[in-house]
Amino acid sequence: MAADLDRAHHFYGELFGWGFRPTRQGHGRYTIAYTEGGVPTVGIGASSPSAGVSLPVTWTTYFAADSADEVASRVQERGGTVAVGPLEFGSGRVAWAADPDGANFGIWEGDLTSAWWGERRPGAPVWLELRTRDAFEAALFYGQTFGWDTQGRERCDVRFEHDRVVLHIDGKAVAGLRGGAIEAAPDPNVRPRWRVYFCVKDVDEVAERAAELGGGVISLPADTPYGRIAALRDPEGGIFSVAAVRKGPADGDPDGCS
C-alpha cells in the first residue's frame, strides 16, 4: 500500500523495470506490477480511507487460504489478532491480521494469478523472511494456522538451517523465520515483521540506484549463506530487501536466486 501510487510506480518501475496495469482488485486505485515477459509479480494500491481500510506504507505478505473465515478464526484461537475482515475484496476475500508478536500479514481467499513462485526472474519476489521474537514459536503458530503440518510432507517441509526455521513448498525454500526481534524496539527494522526479497542481478547497483531515486539503504549489501542481500526503503518509507540472482539454483536456496 502506497500513499502516492504514481510515486511508487516511478520508484519501483525505475528500480526493477516493472510495468503496471490497473485492475479491479480491491477498492480505489490498484495496479498489478509485471516483470519482463508479462509475468504478474505484486500488487500496489493507494491507501483509501474512504473504503474503510487505511493501511501504512508497507509491503504485506499474503498467505493463500481455502477459507479466509476459517483461517481468521485459527489466528484468533492461537493468540493472534484479526484487524480487518474477512471482507469482499475484488474477486476474492481478504483479512489483515497480526501474529502473537505483532508481525502483520494478510489472508487471501481467491484466484492466484501470480506465477512468481515458479518463475525466479529479476524483479520478482523470491524469498519471504519473518523477524520474530522466537522462530520456533512462530513456526508453530503459522504451521497450525495455515496447515503446514497437515498438507503432507510432499508439499510442505519445515527445517532448521542457517540459524532460522525454513519453509519448503514443493521442494523450494520460500520463507525463513528468524528470532531476535524486539516488539518495543524504536527501530522498525528490529520489530517483528515479514519482509519480502526481490530478485536482482546486482545488489550493490540496485542499492545505489534506490538512493538515487529518493529511497534509502537500511542495511548495506552483504554476503550471507543465502547470497548477497541488502535492506532498502522506498521514498515513502516502505521497507523491502533485494537478493542477487545466481547463474544456477543452489540446493536448499530459493530456486534460481540467492
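Remember, it's a predicted structure, so these values are computed and weren't measured experimentally.
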Taking a hydrophobic cluster as the set of Ile, Leu, Val, Met, Phe, Trp and Tyr residues connected by side-chain heavy atoms closer than 4.5 Å, whether directly or through intermediates, do [X] and [Y] fall within one such cluster?
X      : Y      : value
Val200 : Leu128 : yes
Val158 : Leu140 : no
Val242 : Val174 : yes

Of all heavy-atom pairs between [X] and [Y], which one has the smallest distance, and what is that distance?
X      : Y      : answer
Leu5   : Gly45  : CD1-C, 4.0 Å
Arg74  : Thr145 : NE-O, 2.8 Å
Thr41  : Ala124 : CG2-CA, 3.7 Å
Ala139 : Leu177 : N-CD2, 3.7 Å
Leu213 : Pro235 : O-CG, 3.8 Å
Phe11  : Ala210 : CE1-O, 3.6 Å

Among residues at least two apart in sequence or on other chains, which ones pass salt bridge (Lys or Arg N to Asp or Glu O under 4.0 Å) with [X]?
X      : answer
Asp204 : Arg228
Glu137 : Arg133
Glu236 : none

Arg164 side chain to His162 backbone, donor-acceptor under 3.5 Å: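 At least one qualifying donor-acceptor pair exists.
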
Any donor-acceptor N/O pair, Thr224 side chain to Gly227 backbone, under 3.5 Å: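 Yes, Thr224 side chain to Gly227 backbone: donor-acceptor pair under 3.5 Å.
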
Rounded distance [0.5 Å steps], OG1 in Thr61 versus CZ in Arg193: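 Thr61 atom OG1 to Arg193 atom CZ measures 9.5 Å (nearest 0.5 Å).
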
Value rounded to 0.5 Å, distance of CH2 in Trp96 from CE in Met1: 7.0 Å

Side chain to side chain donor-acceptor pair (under 3.5 Å) partners for [X], two or more places apart:
X      : result
Glu109 : none
Arg233 : none
Glu70  : none
Glu14  : Arg209

Stepwise side-chain contact (heavy atoms from CB on, under 4.5 Å) check, Gln76 with Thr81: CA-CA 6 Å; Gln76 294 173 318; Thr81 304; over 6 Å; no

Heavy-atom side-chain contact between Ile239 and Thr58 under 4.5 Å: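 No, too far: nothing below the 4.5 Å cut-off.
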
Phe63 and Trp108, any side-chain heavy atoms less than 4.5 Å apart: no

Ala103: partners by side chain to side chain contact (heavy atoms under 4.5 Å, CB included), with sequence neighbours left out: Asp99, Leu130, Tyr142, Pro192, Trp194

Any residue meeting side chain to side chain contact (heavy atoms under 4.5 Å, CB included) with Ala207, in chain and number order, not counting sequence neighbours: Val217, Pro221, Leu232

Residue pairs, two or more places apart or on separate chains, that pass salt bridge (Lys or Arg N to Asp or Glu O under 4.0 Å) and touch residues 78-87: none

Partner of Val42 by side-chain contact (heavy atoms from CB on, under 4.5 Å), out of Tyr34, Phe16, Trp18: Trp18

Glu88/Arg93 salt bridge by N-O under 4.0 Å criterion: yes

Side chain to side chain donor-acceptor pair (under 3.5 Å) contacts touching residues 1-12 (sequence neighbours left out):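 Sorted pair list: Asp6-Arg29, His9-Thr31, Tyr12-Trp59, Tyr12-Asp234.
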
